[in-house]
Every structure is written in structure tokens, then in C-alpha cells.
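Per chain, numbering begins at 1; letters A, B, ... match sequence-line order. Note that this is a predicted model, so its numbers are computed, not measured.
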Amino acid sequence: MNYREQAAQAFSQAAVQAFGQEVTPAEALALMEVPPDPAMGDFAVPCFKLAKVLRKAPPAIAQAVAAAACGFAGSVQAAGPYVNFFVDGALFARDTLQAVFAQGKSYGGSQEGAGRVICLDYSSINIAKRFHVGHLYTTAIGNALNKVFLHLGYQTVSINHLGDWGTQFGKLIVAFRRWGDRAAIEADPLNALTAIYVRFHDEAEKDPALEDEARLWFRRIEEGDGEALALFAWFKELTLREANKMYQLLGITFDSYAGESFYNDKMGRVVEELRQKNLLKVDQGASIVDLSEEGMPPCLILKSDGATLYATRDIAAALYRADTYHFSQALYVVASHQELHFRQFFKVIEKMGYPWAGGLHHISYGMVSMEEGAMSTRKGRITYLDELLERSIEKTRAIIEEKSPDLPDRDLVARQVGVGAVLWAPLYNNRIKDIVFSWDRMLNFDGETAPYAMYTHARCCSVLRKARESSAAEDAPDYQCLAEPYAQSVVRALARFPAAVAEVAERYEPYLLGRFAIELCQAYNKFYYERRVLGEPAPVTAARLQLTRAARDVLALTLHLMGIAAPERM
RNA sequence: GUGCCUGUAGCUCAGCCGGAUAGAGUGUUUGGCUACGAACCAAAAGGUCGGGGGUUCGAAUCCCUCCAGGCACGCCA
């Protein structure tokens, strides 16, 4: 039984004793909250709602319950209409540290996901397009969720659903055949391809025949024409080569790169099944699934010329993933502007009668824009991820030169900190907020940032290193010295970690990890300034070393779940 | 026009399944490195929680309405 449950139990018993009336432990637990200030207690039960049941004023109830409470490992006090529970600090510290050490890398984990599979569709880059900051959001969020679900015992399938199908590839082939320079493209693939693609659009405005030519070349890809396929495969290879540089730097891998083209031969089944289930209806020449009863516009399945559409492909992909992976949940980490599309095709799958439709979730995040307006390749209003990472790493390197000139592995650490700083942005705020990109905010390394969290981790490592050098031991700790407020706030943070991880999974909100990391760091840094670890009487040093080690371990684990490295020095 | 989302300190945001004085960071002003890492810590200043109604013992939080911004709304993905 944890302290919270113990408090509820004590409350329940005291209420029965004082009023002879039943307040079950479950009811007490439901009322229980954490006071705004730790000085008020670790847990509290406000007695307002009990006033009607017990027919007494809330402060009187609180008074009577506090007086009768027993069996709680700490003290119980009434404060106005609240019953406040103060956990015994030494016991709390001991239990929390023991749990952290005993569970190690699986602290805060569980087996709730045992035997269950979650598919995560994220990053999902487009062929022949350069990776920009918008992709950073889907990539970082998806990666963090993936790690959290693994931590909770799920089997996960991370899928990079490549945007590798559509008429734009016909355009690209036309552009390449007219203006392409193979050597220039090999040298700088994505910029060169983007340049000729943009040129295609400019020229097509003057010469609409180019569009027809593009459609023709796209049909050739579909028909398996040798030249068309070879070019298409080359574009794809170049894109993946560039993307992999990025993924390698970010430390991200995928289980599958099955993208849009993978489902080319799996579309017929969707149409056939929809027809068979009587869901398909012809409207204005196109085939649709009517969703007016659900208050949504219709979902378009076939164009009037019989070609499939975006939704058709996503339905095919969902059916394939259900058959192949037998997922309990499938998550799509995609920006919020596609919300309607997801609601529509999820609903279609539900109407098809698949029970797993309830496990489909759109994990939407806010639109990323520039200060001057929406991102636009053609207007040059865009920030590319490689450039962002490069500048972040450069800045880190400069700081290292200044502050830690003797640091070994400077290049590696500069990369870890620089990349961590960039990954932080999508993992520190609520997903749904729109984002206006700012270099200053992105490259801020002070305050609530990844470098701050990494710095705190390195500081803990440093203390532990010095302890080893001076042979300070962690044995025979005096946990009583961790009962003071500075140590207790670190302990409280450590104890909260499992709940934080669980909430990330429940709400699909990785930013809670970032918030947790900062909470722990702030608590530890204050502790560090107010209390000495080394050079104290052995039992005191032992206890504070344990606290330091636990903070270091949980911080490293938190950063790991966020996909951020935790160097020992920086 | 319809639907969804957002609006909290100068700026960026927590808090939103109702509870104790609305919190951080950043920026500004100021203090702290001859003891374990100053990418740190501390102090000050900064708020009609977009406006207005309602529900409640109690509302930033729930409901209604208005305003502002973002996004989406049939043959692109």
C-alpha cells in the first residue's frame, strides 16, 4: 500500500470512528489531492463535499477526523476545512530511493502492455523534400511515445510512412529530364531536386502542356516503365540517404519504411469491401462513404475517373497493419490540420465493422510557422532541420570551448547537447499549441531547456565521481537527514516519476516528461546549493549520495524516454 | 457560412475530469563562484486568467454567448 492509499484508509477509519458513518477508503481516495504548498502536507482531503453527508461544517469534520486518525506513517493535521497528511520524511526517502535502485532502468515502467502491440506512424517524410522543422515535431513526439510505450511493456512498431506516391513524381521526372544535372543532384540531392521541382511549377504556369507530360510520366511509373521506375527509385534512394543522416544524428530508427507506394496493390480490397458492405455510394461521379449522420463531410474513396485517393490509401494501410501486427492501438503523429481526414477514415473503418477501429488515434500537434507567416519553400520562408541542428551544435561547441576547454570527447558532447536542445522544443509544450519558429527560443540553453537538464545530470555525475575518488560510501545512510525540505522536494519528484510516465501514455503527451525533468532538476539544484553532499559525517554523506545517484538515474531515464542523450560531462 | 483548436505576467508557456495566497522560464533590476560543475542559485518588479453572463459553498478550470487568432470543409497528399 502506498502513502496515498494509507492516508485514505486512515481517513476512512477516523471518519467512521468520529461520526459512526461510512466514508469508504475509495471515497476518501477520490477526494484526495496534493496541496499547493508542500508545507501544507503531502496529501489532503477537503471536507466540503462531506458536509452534506455528515451534516457538519467542513472545518468541524476536518478537526474531528484529524484527531481520530491513526495508522498513518506520519502526522495528520486539520487546517480549516482540510485534513492534511504529512508523510514521515525519512521513511518516504528510504522507500523511494529503494524503489529507484531496485528497479533501475525499468523504474516507472510496468507490464501493462505485455502481449499488446502499438503501431506508431510518425516522421513520415516525403520523397525529394528536405527535412524541415515541421518534421521535427512529428519525429520527436513519435519517438518519445515509442520509447514510453516500450517502457510500459508494449511491443511497438515504428513506421515511417513515406510520401512516395503521387503525380508530383511525374512532375519531378519531367523536370529532371529537361533541366536536371545528375552530378549536381548527387552532390546536393534535396536542394537540387527542390530547385527543379520549383522550376517545373514556374514553367508550367507559362506552358500548361508540362502538366500533361507530368501525368504521362506518372502513369509510366504506375505501368512499370523502365526509365520512369529507375528515376523514381533513384529519387527515393537519394532522399532516404539524406534522411538517414538526420535520423542517425537524432538517434532514431524505424521498424518499417512501408510508405504510400507499398499499398498500391492493396487498394482494390478496400474498394471491394466497402462496396460489399454497402457503404460506397456514387455522388457527383465520385465514390464516397456518406458520413452525414456523423456530422462530417463525406469521405472520398474514388475519384470520378476511378483513381484512388488519400483516404483510400490510409484505410488500406490501416487494414494491412491490423492484419500484420494485430495492434491494440495505432497512433498517427500528424499535424492538426489533417484532423478531419483522420476522423473521417477512422469512422469509415468503424462502419466497416472492425472492432479495432477504437484503437486508432490521431496524435495531432500544432502548426509550425515562421514569424513572417506559414512556411513556404518557394518563398524561402522555411527552416531546414539540418541547418538548425548544425547551428545548435556549433553554439554548443562554442560554449564548451569557453566553459569546459579540457572536456574529452568534445565533438560527441557538442553533438549530444546541440541535438538535445533542438529535440526539446516539441517535448516541452502541449502538442496542440501552434508554434512560431524562433531561432532565439530554439537556441536558448538557459532555464527550462535540455542543456539545463543535461547539465544537472552531469553535475550529479560529477558529485558521484568525486565521491568515488575520495572513497565516500553510500552504506549506512541516515535517511533522517533527507527529511528536510530541500531533500524532500527531490524525493517527491523521484516518487512522482512512475505517475508521470503513466500519464504520458494515457494522454499521448510527451511534454509531461520534459516538465518532469525540469521539476526534478530544479529540486536537485536547490538541494545542491543548500546542502553539502561530500565531506559531511559518513551517514549524512551516504544518504545524500544516494539521493544524488537516484536523481542522476531518474534524470537519465527521463531524457532517454525523450530520445535525448545524457552525457556524464559537458 | 459550418466545424475543430487556441487565447493565463512584456515574451514563451504550466495549471483546465472545480478546492487553500494563479506558478515556471525568459527578459528587466539586483545579489551570490578561496568547499562537491555559475549552461547554476537567490531576491525584486510584472496578472481585469480575451470580454460578458450562468452553475456552485467555491470557477483560470464546467455551461452559454460574444470577440480575436489558427486550421479544415469533395475529386491534392
Side-chain angles (χ1 to χ4, degrees), chain A residues 31 33 35-37 40-41 44 46-49 51-52 57-58 79-82 84 124 126 163 165-168 260 283-288 295-311 313-314 335-341 343-344 364 366-367 369 374 396 399-400 402-404 417 421 425 428-430 432-436 438 440-441 444-456 458-467 469-470 472 511-512 514-515 518-519 521-522 525-536 541 544-545 548 569-570:
Chain A
L31 290 173
E33 58 192 42
D37 181 345
M40 298 168 171
C47 297
F48 304 99
K49 292 200 172 73
K52 278 182 188 140
Y82 294 89
N84 291 336
S124 301
N126 291 315
W165 200 248
T167 46
Q168 70 265 34
E260 293 175 355
D283 191 86
Q284 299 170 33
S287 297
I288 64 162
M296 280 186 269
C299 183
L300 266 76
I301 303 296
L302 293 176
K303 298 202 265 191
S304 26
D305 67 1
T308 58
L309 282 151
Y310 187 36
R313 203 167 287 270
D314 269 345
S336 60
H337 69 290
Q338 294 205 36
E339 207 216 5
L340 179 59
H341 163 72
R343 280 177 48 219
Q344 287 178 312
S364 69
M367 301 301 294
S369 60
T396 309
I399 294 173
I400 290 174
E402 186 200 328
K403 306 196 179 197
S404 331
V417 177
Y428 196 63
N429 288 321
N430 211 303
I432 200 60
K433 308 260 185 182
D434 286 341
I435 302 103
V436 178
S438 146
D440 286 347
R441 274 201 294 279
N444 171 33
F445 290 7
D446 300 324
E448 301 168 338
T449 64
Y452 171 75
M454 297 165 103
Y455 176 83
T456 307
R459 169 180 266 176
C460 291
C461 289
S462 173
V463 173
L464 295 168
R465 200 159 47 233
K466 289 224 158 48
E469 285 163 9
S470 64
Y511 84 93
L512 296 166
R515 298 280 157 179
I518 293 306
E519 178 188 328
C521 289
Q522 286 178 338
N525 284 325
K526 282 175 187 161
F527 165 78
Y528 179 88
Y529 268 87
E530 299 295 334
R531 303 284 180 251
R532 251 199 97 65
V533 177
L534 302 175
E536 296 290 305
T541 286
R544 291 181 179 163
L545 273 176
T548 300
R569 301 174 198 249
M570 60 186 271

Name the pairing partner of B/G7, where a pair is Watson-Crick or G-U wobble with both distances under 3.5 Å, or state none.
B/C67

Would you mind reading off the distance between A/Glu519 atom CD and B/C13 atom C1', rounded to a whole angstrom?
16 Å

How long is the line joining CZ of A/Phe445 and C1' of B/G25, in whole Å?
16 Å

Sugar-phosphate only, base, or nothing, as touched by A/Ile518 at under 4.0 Å among non-hydrogen atoms
nothing

Span that lies between the C1' atom of B/G23 and that of B/G32, in whole angstrom
24 Å

Could you work out the separation of B/G15 and B/G7 based on their C1' atoms and round it to a whole Å?
15 Å

If B/C16 has a Watson-Crick or G-U wobble mate with both distances under 3.5 Å, name it; if not, just say none.
none

Ignoring hydrogens and angles, are the base of B/G25 and the side chain of A/Asn444 linked by a donor-acceptor pair under 3.5 Å?
no

Selection from B/C75, B/C36, B/U6 that lies nearest to any side-chain heavy atom of A/Ile432:
B/U6

Atom-pair distance (CG on A/Asn525; C1' on B/A24), nearest Å
15 Å

When the C1' atoms of B/U56 and B/A9 are considered, how many whole Å apart are they?
29 Å

In whole angstroms, how far is the C1' atom of B/A77 from the CZ atom of A/Arg313?
10 Å

Around A/Arg569, counting heavy atoms of other residues, nucleotides and ligands shown, do more than 12 lie under 6.0 Å from its CZ?
no

Taking any heavy-atom pair under 4.0 Å as a contact, classify A/Arg531: base, sugar-phosphate, or nothing.
base

Could you check which of B/G37, B/C73, B/G74 has an atom nearest any side-chain atom of A/Arg465?
B/G37

Write down the partner of B/G74 under the Watson-Crick or G-U wobble criteria, each distance required to be under 3.5 Å.
none

Please name the nucleotide paired to B/A22 by Watson-Crick or G-U wobble geometry with both distances under 3.5 Å, or report none.
none

Inter-residue atom distance A/Leu464.CG - A/Arg459.CZ, 0.5 Å rounding:
13.0 Å

So do the side chains of A/Asn429 and A/Arg515 get within less than 4.5 Å of each other, counting heavy atoms only?
yes

Nucleotide nearest A/Val417 (side chain, heavy atoms from C-beta), chosen from B/C75, B/A39, B/C40
B/A39

Starting at atom CE of A/Met40, determine the distance to atom C1' of B/U21, rounded to an integer number of angstrom.
8 Å

Same-atom distance (P) from B/U21 to B/A42, integer angstrom
24 Å

Whole-Å P distance, B/U65 and B/U28:
44 Å

May I have the distance from A/Glu339 (atom CD) to B/C4 (atom C1'), rounded to whole angstrom?
5 Å

Taking the six-membered ring for Trp, does A/Tyr528 stack with B/C36 (centroid gap under 5.5 Å, planes within less than 30°)?
yes

Side-chain-base donor-acceptor pair under 3.5 Å for A/Asn84 and B/A20
yes

Taking only side-chain nitrogens and oxygens of A/Lys526, does any of them come within less than 4.0 Å of OP1 or OP2 of B/C41?
no

To the nearest 0.5 Å, what is the distance between CD1 (A/Ile301) and CD1 (A/Ile288)?
9.5 Å

The residue, A/Val533 or A/Leu309, whose nearest nucleotide of RNA chain B is more 5′ is A/Val533

A/Lys466 vs A/Val533 side-chain heavy atoms within contact, under 4.5 Å:
no

Taking atom P in both B/A77 and B/G3, compute the distance separating them and give it to the nearest angstrom.
28 Å

Ignoring hydrogens and angles, answer whether the base of B/C5 and the side-chain atoms of A/Ser336 contain a donor-acceptor pair closer than 3.5 Å.
no

May I ask you to test the A/Gln338-A/Ser364 pair for a side-chain heavy-atom distance under 4.5 Å?
no

Return yes if the base of B/A35 and the side-chain atoms of A/Arg532 contain a donor-acceptor N/O pair under 3.5 Å, otherwise no.
yes

Does the structure show a Watson-Crick or G-U wobble partner for B/A60, both distances under 3.5 Å? Name it, or say none.
none

When all nucleic acid strands are considered with a 4.0 Å heavy-atom cut-off, which category describes A/Ile399: base, sugar-phosphate, or nothing?
base

Describe the nucleic acid contact of A/Met296 in one word from base, sugar-phosphate, nothing, applying a heavy-atom distance below 4.0 Å.
nothing

Nearest whole Å is fine: how far is B/A39 C1' from A/Glu402 CD?
10 Å

Take A/Tyr452 and A/Asn430, find for each the nucleotide of RNA chain B with the closest heavy atom, and name the residue whose nucleotide sits nearer the 5' end.
A/Asn430

Within the 4.0 Å heavy-atom criterion, would you say A/Tyr310 contacts the bases, only the backbone, or no part of the nucleic acid?
base

Can you tell me if A/Thr456 and A/Asn525 form a side-chain donor-acceptor pair at under 3.5 Å?
yes

Answer with base, sugar-phosphate or nothing: what part of the nucleic acid does A/Leu464 contact at a heavy-atom distance below 4.0 Å?
nothing

Donor-acceptor pair under 3.5 Å: do we get one between A/Tyr529's side chain and the base of B/C40?
yes

Between P of B/C17 and NZ of A/Lys49, the distance in whole Å
12 Å

Integer angstrom distance from the C1' of B/A60 to that of B/C49
5 Å

OP1, OP2 of B/A14 versus side-chain N and O of A/Lys433: anything below 4.0 Å?
yes

State which of B/C40, B/G37, B/A24 makes the closest approach to the side chain of A/Glu448.
B/A24

Considering only the C1' atoms, how many Å lie between B/U8 and B/A43, rounded to the nearest integer?
24 Å

How would you label the contact of A/Gln284 with the nucleic acid (heavy atoms, under 4.0 Å): base, sugar-phosphate, or nothing?
base

Taking 4.0 Å as the cut-off, does a side-chain nitrogen or oxygen of A/Arg515 come that near to OP1 or OP2 on B/C13?
no

Rounded distance [0.5 Å steps], CG in A/Leu300 versus OG1 in A/Thr308:
11.5 Å

Determine the contact category for A/Ala335: base if any of its heavy atoms lies under 4.0 Å from a base atom, sugar-phosphate if only primed atoms, P, OP1 or OP2 are that close, otherwise nothing.
nothing

Inter-residue atom distance A/Arg441.CZ - A/Thr449.OG1, 0.5 Å rounding
14.5 Å

